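The block underneath contains the structure these notes are about, expressed in structure tokens.
Indexing begins at 1, ligand by ligand and atom by atom, following the structure's order. None of these values were measured; they are calculated from a predicted model.
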Amino acid sequence: MGKPEVSAVEAALVEQQGASFTLHGAGVSGGIAIGYAHLISTARLEVAHYEIPREEIDAETERLDAAIEQVRGELVGLHAAVPADAPAEMGAFLDLHLMILNDALLSAAPRELIRTRRWNAEWALVHQMEILVHRFEEIEDAYLRERKVDVQQVVERVLKAMLGTGHQPEPPEHEEDIIVVAHDLSPADMILFKQHEFAAFVTDLGGVTSHTAIVARSLNLPAIVGLHHARHMIREGELLIVDGTVGVLIVNPDRQVLAEYQLRRSQFDLERQKLKRLKTMPAATVEGITIALQANIELPEDVGAALEAGATGVGLFRSEFLFLNRDDLPDEDEQFEAYRQVVLAMNGHPVTIRTLDLGADKTLNGEHFAGPNPALGLRAIRFCLAEPQMFLTQLRAILRASYYGKVRILVPMIVHAHEIDQVLRYIANAEDTLAQAGIAFDPSVPVGGMVEVPAAALAVATFMKKLDFLSIGTNDLIQYTLAIDRTDDNVAHLYDPLHPAVLQLVAHTIRTATKAGVPVAVCGEVAGDVALTRLLLGLGLRQFSMHPAQLLAVKQQVLRSSIPEVELLAQRILRSEDPERTRALLAKLNA
Ligand code: PEP
Ligand code: MG
């Protein structure tokens with residue numbers, strides 16, 4: 001991505017700017033970006049934000065009213081078409097949506113905003129929706145709280161009805177000058193961002209290991225989450241500085257601050273450039289022990305970045321991202337093509353395809369099956385085992401792709417031994433149907449399990465007897481060990497990979513697997529955290545899988561590490577009972 005040459009414009013903007021202020025959040029993707037705020041809404045449809053001329057206020061209000069009327073007609077029509085024998089919930093659901101639509105709370109306030117603030121109808125409607133959603137979120141009763149989804153769905157219908165009927169503002173000339181400012185973004189939204197070239201993004205909500213943050217890292221964009229009120233404090237077009245390394249957002253910087261960050265940005269870019277020289281160098285420690293540095297990818301097109309970073313395989317292909325942002329499910333052929341594309345591109349290097357990890361924050365379009373506590377609900381392998389057809393389709397597609405290279409199957413979130421038994425039976429079943437149809441596949445595809453729940457780490461000795469390899473998913477392992485929802489910024493400050501319980505579970509898993517000769521990797525975000533590379537090496541880890549953007553920096557750490565040295569300090573960190581001491585020892589390890 002070319003860096004915006006905006007210095008002169010930036011300077012001009014500084015002259016006419018509003019008051020400067022700074023916000024702090026969690027930096028989730030490093031680097032510095034300087035650009036202009038572009039506010040986007042939480043609605044799945046991106047909503048334009050512009051000011052309308054005074055003389056168009058009436059027309060704009062009518063546009064909103066017409067859309068509401070159209071949706072009312074649609075809902076009434078749908079209601080009439082509900083078959084007599086349909087479940088009662090169907091009619092009740094449409095009644096509820098009609099009730100929401102008819103409520104003055106949804107229509108009166110946006111009219112007022114159009115009139116007083118001269119906002120376009122979409123923006124006014126989404127603004128009011130967010131106020132209502134926020135109120136729902138504060139309700140204690142879980143059922144009522146979830147009705148916020150109905151409000152969002154009704155608003156999305158109205159927005160769709162308005163689509164194409166308003167003025168669309170000129171798209172900004174250079175996308176790479178844009179800093180996206182949102183209240184919240186879903187992993188699915190982030191995937192859509194892959195088609196754009198924004199400079200950075202910042203959100204009010206979100207945690208460090210949320211999938212939103214993970215995709216931001218994969219985009220190699222500076223990003224900050226958990227800023228709380230940024231979306232309401234920042235105005236469209238304001239000049240922003242995003243320091244994604246430390247989580248600082250500066251709004252309307254003065255000349256001096258701007259100049260300082262322009263310099264820092266150049267230094268950061270220069271460092272990244274320098275790292276590129278390590279691309280073809282084998283990743284080995286000082287004494288020559290080879291360390292596998294593999295890539296995490298979300299979509300087949302990410303494989304380019306993996307190769308560019310010199311990854312020696314794909315350690316985690318989050319296949320569920322193929323299922324997001326669409327109304328249908330990818331069929332066997334479509335999945336097969338996607339997997340095969342990656343396998344061929346990796347040219348003999350292993351490609352670890354994780355079976356669907358849907359649920360929690362990654363839901364299919366329009367589905368809210370996750371239950372009252374999504375992270376503890378029907379997600380990952382639990383969901384797949386509850387949807388055998390979907391699972392078998394995926395397994396057949398993966399097996400077909402195995403014919404074209406080195407494929408491994410990775411099962412997310414195992415907790416019970418019987419889940420592994422069931423998976424192995426499904427794989428055998430998929431192999432049988434392929435064999436019967438005369439379709440080629442590799443008959444010995446390794447099957448591995450993700451250690452993401454403390455139960456799996458503690459019982460790893462039993463589980464690994466049934467598996468060919470293991471991969472530690474520290475994002476979930478930390479979430480479940482420390483009881484912190486990884487998508488909730490209210491508890492994001494409690495995220496701590498150095499917590500003794502986390503370190504013990506990781507160390508125990510690596511030690512047990514290594515002793516039994518079972519390959520073990522770490523594929524959570526800690527694998528790409530350069531501050532933890534030497535600690536993981538010291539705990540015996542020899543395989544890391546991370547977003548390609550982090551790979552060369554991790555390689556730099558590996559190249560300067562000597563195993564006996566890092567082992568010694570890692571063991572001391574493992575024994576440490578005091579967080580201060582742990583941090584001091586880690587600093588020593590990294591010195
Ligand atoms: C993890 O949990 O660490 C992991 C790699 O899986 P995901 O982040 O996709 O949940
Ligand atoms: Mg996980």
Mode of [X] contact toward ligand 1 - side chain, backbone, both, neither (heavy atoms, under 4.0 Å):
X      : result
Leu316 : side chain
Arg354 : side chain
Arg486 : side chain

**Prompt:** Any nitrogen or oxygen of Arg318, main chain or side chain, under 3.5 Å from a nitrogen or oxygen of ligand 1?
**Reply:**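 Yes: some nitrogen or oxygen of Arg318 is under 3.5 Å from one in ligand 1.
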
**Message:** Any nitrogen or oxygen of Glu320, side chain or backbone, less than 3.5 Å from one on ligand 1?
**Reply:**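 No; the residue has no nitrogen or oxygen that sits under 3.5 Å from a nitrogen or oxygen of the ligand.
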
**Prompt:** Considering only protein heavy atoms, which is closest to atom 7 (P) of ligand 1, and at what distance to one decimal place?
**Reply:**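 Nearest neighbour among protein heavy atoms for atom 7 (P) of ligand 1, to 0.1 Å: His211 NE2, 3.2 Å.
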
**For Gln504, all residues meeting side-chain contact (heavy atoms from CB on, under 4.5 Å), sequence neighbours excluded** =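 Listed in chain order: Leu574.
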
**Request:** For Lys276, enumerate each residue passing the side-chain contact (heavy atoms from CB on, under 4.5 Å) test, keeping only those at least two apart in sequence or located in another chain.
**Result:**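 If we apply the side-chain contact (heavy atoms from CB on, under 4.5 Å) test to Lys276, skipping adjacent residues, the hits are Gln273.
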
**Message:** One thing to verify: whether Asp357 and Arg318 come together as a salt bridge, which I'm taking to mean a side-chain N less than 4.0 angstrom from a carboxylate O.
**Reply:**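 Salt bridge absent between Arg318 and Asp357.
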
**Request:** Kindly give the heavy-atom pair with the smallest separation between Gly30 and Phe268, and that separation in Å.
**Result:**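 Taking every non-hydrogen atom into account, C-CZ, 3.9 Å.
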
**Asked** If you take all heavy atoms of Phe463 and Ala456, which pair is closest and at what distance?
**Response**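 That would be CE1-CA, 3.7 Å.
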
Between the side chains of [X] and [Y], does any donor sit under 3.5 Å from an acceptor?
X      : Y      : value
Arg581 : Ser576 : no
Tyr404 : Gln341 : no
Asn296 : Ser545 : yes

**Message:** Could you enumerate the protein N, O or S atoms under 2.8 Å from the Mg ion (ligand 2), written like residue then atom name?
**Reply:**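 Protein N/O/S atoms under 2.8 Å of the Mg ion (ligand 2): Glu452 OE2, Asp476 OD2.
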
**Prompt:** What residue among Leu424, Ile420, Thr355, Leu410 forms side chain to side chain contact (heavy atoms under 4.5 Å, CB included) with Val447?
**Reply:**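 Only one of Leu424, Ile420, Thr355, Leu410 forms a side chain to side chain contact (heavy atoms under 4.5 Å, CB included) with Val447, namely Leu424.
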
Interfacing atoms of ligand 1 (cut-off 4.0 Å, heavy-atom, [X]):
X      : value
Gly473 : 1 (C), 2 (O), 3 (O)
Cys523 : 5 (C)
Met450 : 4 (C), 5 (C), 6 (O)
Ile214 : 8 (O)

**Prompt:** For atom 2 (O) of ligand 1, which of Glu525, Glu298, Met546, Glu452 has the closest heavy atom?
**Reply:**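 Heavy atom nearest to atom 2 (O) of ligand 1 belongs to Glu452.
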
**Message:** Please compare Leu410, Val522, Asn475 and report which has the shortest non-hydrogen distance to atom 3 (O) of ligand 1.
**Reply:**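 The residue whose heavy atom sits nearest atom 3 (O) of ligand 1 is Asn475.
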
**Message:** Does the plane of the ring in Phe391 sit parallel, tilted or perpendicular to the ring in Tyr426? Use 30° and 60° as the thresholds.
**Reply:**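 Correct class here is perpendicular.
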
Donor-acceptor contacts under 3.5 Å from residues 513-527 side chains, at least two apart:
unit_1	atom_1	unit_2	atom_2	d
Thr514	OG1	Ile510	O	2.5
Glu525	OE1	Arg217	NE	2.4
Glu525	OE1	Arg217	NH2	2.9

**Message:** Using a 3.5 Å distance criterion without hydrogens, assess whether the side chain of Glu419 forms a donor-acceptor pair with backbone atoms of His416.
**Reply:**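 Side chain of Glu419 to backbone of His416: a pair is present.
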
